[in-house]
Amino acid sequence: MQTTFRRPPRLALITLLLAAASLHAAADPLAPTARWSAYTAGRAATPPMGWSSWNAFGTDIDEAKILGSAQRIADSGLSARGYRYINIDDGWAARRQMPDGRLVIRAERFPSSVQGGGTSFRPLTDKLHAMGLKAGIYSDLGRNTCSQAYSGVDTDLPKGSVLEREIGLYGHIDQDINLFFGDWGFDFIKVDGCGLRAYGANSAKVRSGQYRALTPVLDLESVSRSNIPAVQAEFTQINAALQRNKPDGDFLLSLCIWGAADVRAWGKNYGNLSRTSDDITPSWSRLLSNFDSAARRELYGHPGSWNDPDMLYIGKGDFDADHLVEAKSHFALWAMLNAPLMLGADLRTMPQPLMDIVGNADIIAVNQDPAGNQAVLAYDADDLEILVKPLASGQKAVAIFNRGLAPIDVDLTAEHLKLRGDAPVTLTDLWTKADSTFTKETKLRVMPRETRIFRANGERALAQGVYLSEQPGSVNPAVDGVVRPQVDPTIFRSSFGWTGTKGPGERPMYAGWGGARADSTPYGQVMQIAGTPYAAGIGILVNSRLEVRNQGYRRLSAQVGVDDSAQDRKHDVTFMIYGDGKLLAKSKPLRWGQPAQALSADVAGVRMVELVARSAAGTNEQLPVSWGNAALFSSER
Ligand code: GLA
């Protein structure tokens with residue numbers, strides 16, 4: 001006879017209720033976690049700097065080309081300025097050896113790799129390490145890479161049977177990560193996504209029998225045709241393999257799915273770098289589009305998890321030695337965005353004026369600033385943008401970017417910089433090193449395609465604290481409320497001729513994207529609650545949770561409410577401030593048109609503040625909310 005253990009019914013019920021409650025809590029993405037959820041594994045406290053083979057050579061790579069650029073980095077002093085990673089991109093693999101599955105290097109291109117009966121990159125990585133440099137390698141999420149999908153000629157492509165030509169990570173994650181980091185000694189891996197995108201059963205190369213079909217889960221043209229959880233699952237496995245094979249954490253993981261599958265919202269949780277756009281080309285218009293793909297993601301990049309608008313193209317086309325203005329803009333803008341500074345030219349022949357641009361120590365320092373704040377757009381119009389990047393020292397870097405073809409006379413104001421208008425502001429030009437001082441506002445001429453870049457020193461508008469939008473590197477939209485991702489607005493209205501560049505600019509007016517923003521609503525407008533505009537603050541959709549690192553401040557306060565731009569005029573939103581998981585302050589239910597409520601909490605000793613905006617009903621994208629003037633203060637009141 002079977003004995004069954006019976007709990008007293010009351011206890012069983014209580015257990016059941018408790019289990020259901022904890023399940024509910026675990027399932028509630030807005031419940032506070034008291035921790036920072038963006039990626040901090042690996043070695044990317046500041047954006048990585050180095051060189052990659054792709055822009056200069058494509059798949060036509062060899063040892064001499066790679067070592068030649070590495071040597072120039074060492075000899076020129078660029079390595080001492082921070083350029084350390086020497087990354088081998090697509091084109092290194094000869095085949096996957098069968099039956100053991102070990103990857104084989106193109107020995108004719110990498111003669112030092114020949115060892116015994118096989119191949120190894122260890123001699124090459126040893127050489128790079130001996131030069132004080134780090135080494136990077138390339139692979140793909142799928143079975144095959146981008147060049148296998150898109151290259152017109154097969155000269156540089158892997159040879160052999162269909163299985164031997166499967167050189168991507170798919171089905172081999174642990175084996176390959178172990179080979180790259182354990183056996184071969186690499187420090188960096190770029191993981192491309194073409195294998196999950198270009199090998200559908202109907203693709204020409206699959207139909208002709210060259211490659212096996214792999215149902216695409218990534219679609220660059222369409223978020224809704226992408227399977228986001230499936231892509232995330234791949235990166236989760238890669239991370240687990242990195243932990244197993246590189247327990248000392250000395251690695252860098254670079255995600256390369258070009259902004260597809262809405263990765264700009266979640267890449268920050270899966271790797272150190274996440275590409276925000278398709279490949280850069282050496283043309284001005286492409287620079288603009290790659291810049292735009294990251295410029296409004298200031299809250300999605302942090303120490304350990306950076307936005308990546310792709311490598312530098314300084315040295316070619318619109319950024320060659322005949323185009324120093326454009327080359328300087330490219331460098332200054334990438335520095336301001338906290339983009340990785342990955343040189344992409346054949347450095348053996350890079351002219352000195354271009355070496356000087358990428359070696360500018362002041363601009364490198366802006367990029368490598370330990371606070372890790374990506375620049376925030378302080379002025380945003382069709383041809384002109386002003387970007388401000390708060391530095392760890394309390395100073396600000398400011399870049400004034402003329403996208404167009406006519407000179408612009410710019411009014412730069414203390415307000416743009418969140419500095420006091422009644423105290424002097426000193427600007428140091430990071431190209432010429434010249435200092436100038438102004439009070440309240442100054443006029444600057446910015447030539448076509450020029451970016452003027454300065455370090456600004458003045459008295460902070462908020463003397464006793466910091467606006468959260470002045471420390472985007474410490475604010476993480478863990479849940480940004482975006483349920484159905486929409487495309488970014490990239491078309492600008494024209495500038496308004498009457499007021500010069502004072503104020504925030506004539507911004508794009510139609511809806512798009514919806515992600516969290518610094519000093520802006522999720523759709524790019526100036527925040528406003530019941531008619532009161534807020535120049536500073538965080539704009540986000542409802543049903544969102546922001547994680548805010550607190551570095552010793554004692555009070556957090558904000559003016560909270562439903563933004564006037566909300567289409568939903570009837571549902572209530574409640575705002576909550578948590579400190580290390582405990583509720584510290586809660587607003588009354590607020591709806592559209594009601595004045596902002598002042599919400600404030602004592603956060604002394606709290607390490608992780610969380611800001612939650614919740615609504616029981618309504619559609620998130622119709623309910624943008626504003627944490628107006630949200631700031632941390634060092635005093636208790
Ligand atoms: C993709 C990536 C590029 C480069 C190539 C290699 O296009 O986006 O950066 O790695 O693949 O094939």
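Counting starts at 1 for both ligands and their atoms, following the listed order.
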When distances are taken from atom 1 (C) of ligand 1, the protein heavy atom at minimum range is Asp192 OD2, 3.1 Å
re atom 12 (O) of ligand 1, the protein heavy-atom contact at minimum distance is Asp90 OD2, 2.7 Å
Pairs of nitrogen or oxygen atoms closer than 3.5 Å, one from Asp310 and one from ligand 1: do any exist? no
Only one of His172, Arg95, Arg212 passes side chain to side chain donor-acceptor pair (under 3.5 Å) with Glu166, and that residue is Arg212
In ligand 1, the atoms that come under 4.0 Å of a heavy atom of Cys256 are 2 (C), 8 (O)
### Task
Work out whether the distance between some heavy atom of Asp89 and some atom of ligand 1 is less than 4.0 Å.
yes
Ser147 heavy atoms within 4.0 Å reach ligand 1 at atoms 12 (O)
Checklist entry - Should the pair Phe121 and Phe110 be assigned to parallel (<30°), tilted (30 to 60°) or perpendicular (>60°) ring geometry? => result perpendicular
Q) Is the closest basic N to carboxylate O distance between Asp380 and Arg296 below 4.0 Å? A) yes
Should the pair Glu164-Arg96 be classified as a salt bridge under the 4.0 Å nitrogen-to-oxygen rule?
-> no
Contact between ligand 1 and Tyr138 is defined here as a heavy atom of the residue under 4.0 Å from a ligand atom; is it met? yes
Margin query: Centroid separation under 6.0 Å, is that true for the rings of Trp184 and Trp92?
Written below: yes
- Tyr199 ring center within less than 6.0 Å of Tyr211 ring center: yes
In ligand 1, the atoms that come under 4.0 Å of a heavy atom of Arg275 are 8 (O), 9 (O)
Nearest non-hydrogen contact to atom 5 (C) of ligand 1 from the set Trp54, Tyr150, Trp258 belongs to Trp54
Quick note on ligand 1: atoms under 4.0 Å from a heavy atom of Lys190 include exactly 3 (C), 4 (C), 9 (O), 10 (O)
ask   = When the ring planes of Trp284 and Phe401 are compared, do they come out parallel, tilted or perpendicular, using 30° and 60° as the limits?
value = perpendicular
Task: Between Asn360 and Lys328, a side-chain donor and acceptor under 3.5 Å - done: no
Counting heavy atoms under 4.0 Å, the part of Cys194 that contacts ligand 1 is neither
